[in-house]
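Just so you know, these numbers use all the heavy atoms, side chains as well, and skip hydrogens, waters and symmetry mates. We name chains A, B, ... by the order of the sequence lines, and we start the count at 1 in each one.
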Amino acid sequence: MDTFLALTVTGLVTGCLYALTASGLVVTYTTSGIFNFAHGAIGMLAAFSYWELTASQGMPGLPALLLTVLVISPLVGAVIERLLVRRLGTASLEVTLTVTVGLLLLLIGIANTIWDPATPHRVQAFFLGDEVTVAGVVLTAHQLVIVATATAVAISLWAFLHWSRTGVALRAVVDDRELAALTGASPTRVGQLGWALGAGLAGLAGVLLASQVSLDATTMTLLVVNGYAAAVLGRLTNLPLTFVGGLLLGLCQAWAVGYLTLDFISQIQPVIPMLFLFVALVLSPQARLRVAQTAPLRAPSVPGARRTLLATGSFLVVAALAAVAMPLSRMGDATHGMAVALILLSLVPLVGYGGMVSLSQLTFAGIGAVALAKVGGGPEGLLAAIAVPAAVGLLVALPTMRLRGLHLALATLAFGYAMDDAFFSNATVMTDSLGLPVPRPLGLDDPRGYFFLVCGAFAVCAFGVLALRRSTLGRRLVALGDSPAGCSTLGMRVRRTKLGVFAMSAGMAGLGGALLGGQQGAVGSADFGLLLSLTLLLLAVVWGVRTVSGVLIAALLLEAAPLLQDHISGVGSVVPLLVGLGAIGLGKHQNGIVGSVVAATRRRRAVPNLPQPRTEPPIREEVLTSAQS
Amino acid sequence: MLRVEDIGVRFGGVHALKGVSLTCPAGQVTGLIGPNGAGKTTLFNIVTGIQRPDAGSVHLDDRDITRDSTEQRARAGLARTFQRLEVFGSLTVRENVQLAAELHRGLRRRGRSPVELADDLLARVGLTAVADHQAGVLPTGSARLLELARALAISPTTLLLDEPGSGLDEAESHQLGDLLRSLAAEGTAVLLVEHDVQLVMRICAHIYVLDFGQLLCEGSPAEVQADVGVQQAYLGAESVAS
Ligand SMILES: Nc1ncnc2c1ncn2[C@@H]1O[C@H](COP(=O)(O)OP(=O)(O)OP(=O)(O)O)[C@@H](O)[C@H]1O
Ligand SMILES: [Mg+2]
C-alpha cells in the first residue's frame, strides 16, 4: 500500500509537468492552428536561461524563475509568431511541420552553441533539502512546488479564458477564426498572445523540470515531447481534458515503473509515454473528411519516360566515373551519402507525392540494417532488408491509416521515438555496446565496387519512383495528397493505396539503411535517432521532397556538412543550425529550393493566357451577410 | 435513382437537417434550393457518406446504402462535385479526369482508354484548351467544370452537383444548363444545388426547397415560384439583396 501511494504521488508530480507543457501546446495550437513541434525546445531554452541567470549570474531562484517564465519565454514565443508563424497562413501541413521542426533543431543548435554540451550544467531544485511527509509518503519541497504551480496554472488559465475579455476573445478564435474576426477579435493579435502564453507555459515546465534531469539540450527537448500524448488526449483543443491526460500519463508511467519488473517490460518502460501517444492517436476521433484547400502550388513537372531513362543513364555513367576516379579516402563518405540519398528517396512517394508526413523514416532504415545483419550479406539478406521494414511499416500503418495529416505524423513520431528507446538501445538487438556488426551485402568488400552498387540501387529506385509517378498509382497518390474527399467520392480505395505506399516507402528506406550499415560495418543506436530522422526529413523538404534531384542534392549536402564544420570553429553543430535556418526559409519557398528554381525557369517559358489563380470566397461571410439581410 | 428518407442530423444541439425526404428520379434534373446554411451541402455529404446521419436512410436504385462507405457508394454509381472545390490541384486538368476514369475502369483492359475518355469529357465541358495546365491554378468557374468532368468519368447513374454554376458568366452558365439537360436525357439522375434561380427554373423538372434544415415545399418550377413561403424565405431575400 505504501509503495502504491508513493508511486501515485510521483506519478502525479510527473503528470503535473506533462499537463503544464501539454496545455501550452494546446494554447498555441488552438489560437494559431499550428502544431508547434518546437514547444519542447522553447522549454529547453527557458531551462538554460534559468541556469544562466542563477548558476552563472548568481540571481536568486524566484526572480530568475519569474524573469524566465513571465518575460523571456513569452518574448521568444511572440517573436516566433511574428517572424515565422504569421507568414505561414494556409501553408500545407508538410510545410508548417517542417518549419516548426526546423525551429526545434535551430533552438537546439543555438543552445549547444551558447552552452557547451561537454560541460555539465546543473540547476538546483527549489528549497533543496526541505521535505514534507504526507500520509507516510515523503515529498520534496520541489515536488510540492510543481504540484502547486500546476494547480495554480490550471485554475488561472481557466479563469483567464472564461472571465477576462482577452481570454474570451481567445476562446472565440479557437471556436472559429473567421467568425471571431467578423466580431472584432483580431486573430493575429490573439495568435500572438497564444504563442506568448504557450511559450510561457513551456518555459515554466522547462524550469521546473530542469533540476530533475541533467540539463542537455536534446534530452530536455525530447522529454517535453512526452507531453504531446496528453495534448492529443485533449484532442489538441480541450484544456481540462489535456490536464487529465497529463496526470493519467504520469500515473501510468509511475505505476509501470513500480510494478512491471519483468525484464522485457522494464526495458520498454521509457517508451510508455509514446505508447500512450500512439494509442491516444489511434483512438482519437477524426474530423470528418474535409480538406482545407491550401494555396495552389505549382507542382514540379513530371519527367517523361525518355527523360527519366536519359537521366538515370547519365547518373550511372557519372557514378561509374566517380567510382574509378575518386580518391579512396573520399569513397566512404560518398558511399554513405548515396545510401542516405536512397533513404531520402523513400520520402518522395510518401511525403512528396502522397503528402503523408512520416517522422520516423530512419527507424525503417535501421530495421533494414538490423535485418541485413541478422540474416547475412547474401541476396537473401538484402531481400530481408527490404521485406522486414516493409512488413513493419504495414503493421504501423494498419492502425494509423485512418489518421490524417498531423495525427499521422505524430503517430510516426511516437513509433520512431519508441523504437529509439526500446529497439535500437536494446542489448538483445544490438549485441554489444560498439554496435551491431553489419556485413557488406553481396560480399562486395572493394570500396569502389560497393560505391557503385549503392549508386546502382539508388538509380534503380529513382527510376522506379519516377515511373510510379507517371503510373495510375502515382496519380492516385498525388490526388490523395491534394484531396482525400475527392478521392473517396470517385471510388478510390484510399486505405489500400496508403498502406501500399507506406510499406513500399519503408522497404526502400530499409534497403538504404542496410546499404548504409554495410558501408559503416556496424550500426548503433545513434545512427537511427529521432532527431536525425527529423533532420533528414527537413533537408528533403527544404531541397524539394517532390523531386528526385531535390533529395539527391539534400543527401550530398548533408555529407558535405562535416567539411563545412571544420571551417567554422566556435559553432557547436553546424548541421542543425543550417537545416533549421533552411526549414524556416521554407515559409517563403514552399516547394523547396529545387522546386522554386524549376518554377522560376518555367515561368520564363510562360504558358500563353494562363487563367488567373482562383480565389475562393470565404464561406462564412456568405452565411453571415445572408443572416443580416 | 436516388431516394433519401427522413434524414436527420445535428451539429451540437442544432438540427442541420430534420425529416428530409426526397426523390431524384433518373432521366431528369431535380433542383434543391434554399438560403445559405439551409443544409444543402450537409445533405450531399450524407448522401455520399462523408457524414453519417443521426436518423433516416439513403437508397440508390432501391438499394439501402446508408451504411456503405463513400468508396462503395461511388462504385455503386454515385458521383458528386463540391461547393468548396476538391480538384486535385497538383495534377494536370487531363490527369484529374484520367484518374477518375482509371479508378472506374479498375483492372479491366477493355473499352476506351482513360486518356481518350478524359479528352472527350474535357471537350464536353469545354476545357480542352487548358487540358495540360495544372488544375490548381484554374479559376473557380473552370475548376467547377473540371469537377463535373471528373465526376462524369466514373459513369455515374446519379450525379450530385453543389453549385456548379457559381463562378461562370451568363453564357457559360447557359451552356452548363444545356449540358445538364442532355446528361439527364441520357438517363442520369441529376440533383442540382444552385443559387442561380434562373438556371434552376429553366432546367429542373422538380424542385425541393430547403430552409433551416427542413423541406419547405416541393413541386414544378411554376408551383415553387408561386409558393408564398418560398418567396419569403428565399426568393424574397434574394430579390431584396440584388
Ligand atoms: N461540420 C459542421 N459542424 C457544425 N456545423 C456545421 C457543420 N457543417 C455545417 N454546419 C452548419 O449546418 C448548417 C447547414 O450548412 P450547409 O453547409 O449544409 O448549408 P448550405 O445549404 O449548403 O449553405 P450554402 O448555400 O451557404 O452552401 C449551417 O448552419 C452550418 O453552419
Ligand atoms: Mg452549401
Exercise for the section: Would you mind telling me which of B:Ala151, B:Gly141, B:Ala74, B:Pro114 has the largest number of heavy-atom pairs within less than 4.5 Å of chain A? Expected result: B:Ala74

Exercise for the section: Determine, step by step, whether B:Glu102 and B:Arg112 satisfy the salt bridge (charged side-chain N to carboxylate O under 4.0 Å, His left out) criterion, reporting the C-alpha distance in whole Å, the side-chain angles of both residues, the deciding distance to 0.1 Å, and the verdict. Expected result: CA-CA 11 Å; B:Glu102 286 166 345; B:Arg112 318 247 315 282; over 6 Å; no

Exercise for the section: Tell me, for B:Gln98 versus chain A, whether the close heavy atoms (under 4.5 Å) come from the side chain, the backbone, both or neither. Expected result: side chain

Problem - B:Thr48 side chain vs B:Thr70 backbone, donor-acceptor pair below 3.5 Å - result: no

Practice task
Please state whether the side chain, the backbone, both or neither of A:Arg469 comes within less than 4.5 Å of a heavy atom of chain B.
Solution key: side chain

Practice task
Establish, from distance only, whether the side-chain atoms of B:Ser166 and B:Arg144 form a donor-acceptor pair under 3.5 Å.
Solution key: yes

Practice task
Select, from B:Asn96, B:Leu99, B:Asp132, B:Thr92, the one with the greatest count of heavy-atom pairs under 4.5 Å involving chain A.
Solution key: B:Leu99

Problem - Residue A:Val494 versus chain B: region with a heavy atom under 4.5 Å - result: both

Practice task
Return yes when atom CZ of A:Arg470 has more than 12 non-hydrogen atoms of other residues, nucleotides or ligands closer than 6.0 Å, and no otherwise.
Solution key: yes

Exercise for the section: Taking only Lys NZ, Arg NE, NH1 and NH2, and the carboxylate oxygens of Asp or Glu, determine whether B:Asp162 and B:Arg84 approach each other closer than 4.0 Å. Expected result: no

Fill in the blank from the handout: Whatever's closer than 4.5 Å to a heavy atom in chain A on B:Arg52 counts as neither

